[in-house]
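Have a look at the structure below before the remarks.
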2 protein chains.
Amino acid sequence: MEISIKKKQLHIGRQTKTKKAIVDILSKNCCLLHKNELIEELKKQKITPNRSTIYRELKTLEKNDFISKSTILGNDYYEILQDHHHHHIICLKCNKIESFNACKYNLIVNEIKNKIHGFAEIKNHSFELFGICNYCNKK
Amino acid sequence: MEISIKKKQLHIGRQTKTKKAIVDILSKNCCLLHKNELIEELKKQKITPNRSTIYRELKTLEKNDFISKSTILGNDYYEILQDHHHHHIICLKCNKIESFNACKYNLIVNEIKNKIHGFAEIKNHSFELFGICNYCNKK
DNA sequence: TTGAATGCAAAGTCTTTGCACTTCC
DNA sequence: GGAAGTGCAAAGACTTTGCATTCAA
């Protein structure tokens with residue numbers, strides 16, 4: 001959202017229509033969004049930038065820690081970088097994504113560390129669940 | 001390895017030089033291997049199949065549950081499907097991968113289930129660590 | 001012998017890049 | 001005015017496909 005852009009204005013360059021719209025859409029979505037879905041949302045706002053502009057924009061926003069990219073089952077998803085740690089569950093049939101904030105990493109990290117030998121430092125982790133969403137389950 | 005191929009022979013088609021070599025290499029590696037590394041290993045054995053053959057072969061082996069594909073940080077990796085559940089830690093600098101078999105999923109699944117509302121069933125999960133390997137740490 | 005596997009070339013998809021033009025500060 | 005952002009076309013990287021040929025069973 002606007003606030004975020006202003007907060008890091010120095011690092012993020014000029015406030016263009018496309019940039020503001022992308023940040024706005026991802027902020028409202030608050031979860032992983034597929035690039036094509038993002039483009040669809042932009043279209044609804046009558047914003048139809050060239051593909052190369054979108055690629056460049058997403059890359060810039062990612063490099064400046066405004067958004068993060070995740071590749072799940074071969075597809076790229078984007079979301080606003082959030083303060084609270086969370087994970088995702090993805091439907092294996094329709095790719096619907098839900099986020100949840102349970103993370104027991106801190107509880108298990110010590111045991112894990114004992115099992116890892118070739119690494120000096122753990123920086124972060126990813127944890128995704130795969131399942132069947134309610135909608136696909138009823139079909 | 002040969003055993004695996006014979007075990008599921010009906011599902012996997014003919015035993016070609018390339019197919020046997022791929023399964024053999026992945027069996028010996030016992031961890032995620034990048035497609036390019038796989039091709040390098042094949043080359044060492046003087047096996048240089050066409051790219052399309054490799055794509056087809058990997059797809060077939062994956063479809064028949066001989067191997068599994070993982071996309072990590074935008075790269076595709078392959079490994080032999082193993083009976084024992086395990087996870088990976090990836091070096092953020094050199095992409096070196098190590099596997100470890102600590103998994104506390106069973107301990108935390110119940111709490112996680114309470115936080116998920118739109119899903120009827122959890123099928124599986126992924127869990128990766130990212131860090132700095134000993135080698136890159138010394139540099 | 002016969003159908004699966006392969007190589008090759010072409011096509012397809014996605015992403016990046018160079019350059020001239022436009023826009024924001 | 002000058003640098004950042006954009007569109008367009010071309011190039012690049014990766015993957016798939018069609019078809020004729022080869023090879024395993």
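Lettering follows sequence order; numbering is per chain, from 1.
- As a whole-Å value, the separation of B:Gln15 CD from D:dA25 P is 6 Å.
- The OH atom of B:Tyr55 sits 7 Å away from the P atom of D:dC14 (whole-angstrom rounding).
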Requested in this report: Decide side chain to side chain contact (heavy atoms under 4.5 Å, CB included) for B:Glu57 and B:Thr16; before the verdict, give the C-alpha distance in whole Å, the side-chain angles of both, and the deciding distance to 0.1 Å.
Outcome: CA-CA 10 Å; B:Glu57 205 56 81; B:Thr16 62; 4.1 Å; yes

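- Summary of helix geometry: the two end axes of the helix from C:dT1-D:dA25 to C:dC25-D:dG1, each defined by five base pairs via their C1' atoms, are inclined to each other by 30° (rounded to 10°).
- For the salt bridge (Lys or Arg N to Asp or Glu O under 4.0 Å) test, residues two or more places apart in sequence or in another chain that qualify with A:Lys69 are A:Asp76.
- Atom CD in A:Glu62 sits about 10 Å away from atom P in C:dT16, given to the nearest Å.
- For B:Lys59 and D:dT16, the NZ to P distance is 3 Å, given to the nearest whole Å.
- Nearest to the side-chain atoms of B:Arg56 among the listed nucleotides C:dT16, C:dA5, C:dC8 stands C:dC8.
- Look at B:Lys17 and you won't find any side-chain N or O under 4.0 angstrom from OP1 or OP2 of D:dA24.
- Straight-line distance from the NZ atom of A:Lys20 to the C1' atom of D:dA4: 16 Å, rounded to whole Å.
- If you run side-chain contact (heavy atoms from CB on, under 4.5 Å) between B:Ile67 and each of B:Leu33, B:Val23, B:Leu58, only B:Leu58 comes through.
- Within residues 35-48 of chain A, the residues approaching DNA chain C are A:Lys35, by heavy-atom distance under 4.0 Å.
- Taking the six-membered ring where tryptophan is involved, the planes of A:His125 and A:Tyr105 are essentially parallel, since the angle between them stays under 30° and well short of 60°.
- If you take OH of B:Tyr77 and P of D:dC14, they are 13 Å apart, rounded to a whole angstrom.
- If you measure from atom NZ of B:Lys63 to atom P of C:dA4, you get 12 Å, rounded to the nearest angstrom.
- Judged by distance alone with a 3.5 Å cut-off, a donor-acceptor contact links the side chain of B:Arg14 to the base of C:dA4.
- Residue B:Thr53 places its side chain closer to C:dG7 than to any other of D:dT6, C:dT15, C:dG7.
- For the pair A:Asn134 (side chain) and B:His117 (backbone), a donor-acceptor distance under 3.5 Å is present.
- A:Lys43 pairs by the salt bridge (Lys or Arg N to Asp or Glu O under 4.0 Å) definition with A:Glu40, not counting sequence neighbours.
- For the pair B:Asp76 CG and D:dA13 P, the interatomic distance rounds to 17 Å; values are reported in whole Å.
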Sub-3.5 Å pairs of nitrogen or oxygen atoms, protein against nucleotides 9-13 of chain C:
none

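- A donor-acceptor distance shorter than 3.5 angstrom exists from the side chain of A:Asn64 to the backbone of A:Thr60, with no hydrogens or angles considered.
- B:Phe100 and B:Phe127 have perpendicular rings, their planes meeting at more than 60° on a 0 to 90° scale where under 30° would count as parallel.
- Between the B:Glu128 side chain and the B:Ile90 main chain, no donor and acceptor come within less than 3.5 Å of each other.
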Query - Candidate pair A:Leu26 and A:Phe66, rule side chain to side chain contact (heavy atoms under 4.5 Å, CB included), full reasoning - result: CA-CA 10 Å; A:Leu26 291 180; A:Phe66 267 82; over 6 Å; no

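- Listed by chain and residue number, nothing satisfies the salt bridge (Lys or Arg N to Asp or Glu O under 4.0 Å) test with B:Glu62 (two or more places apart in sequence, or in another chain).
- Counting only distance, with no hydrogens or angles, the side chain of B:His86 and the backbone of B:His84 share a donor-acceptor pair below 3.5 Å.
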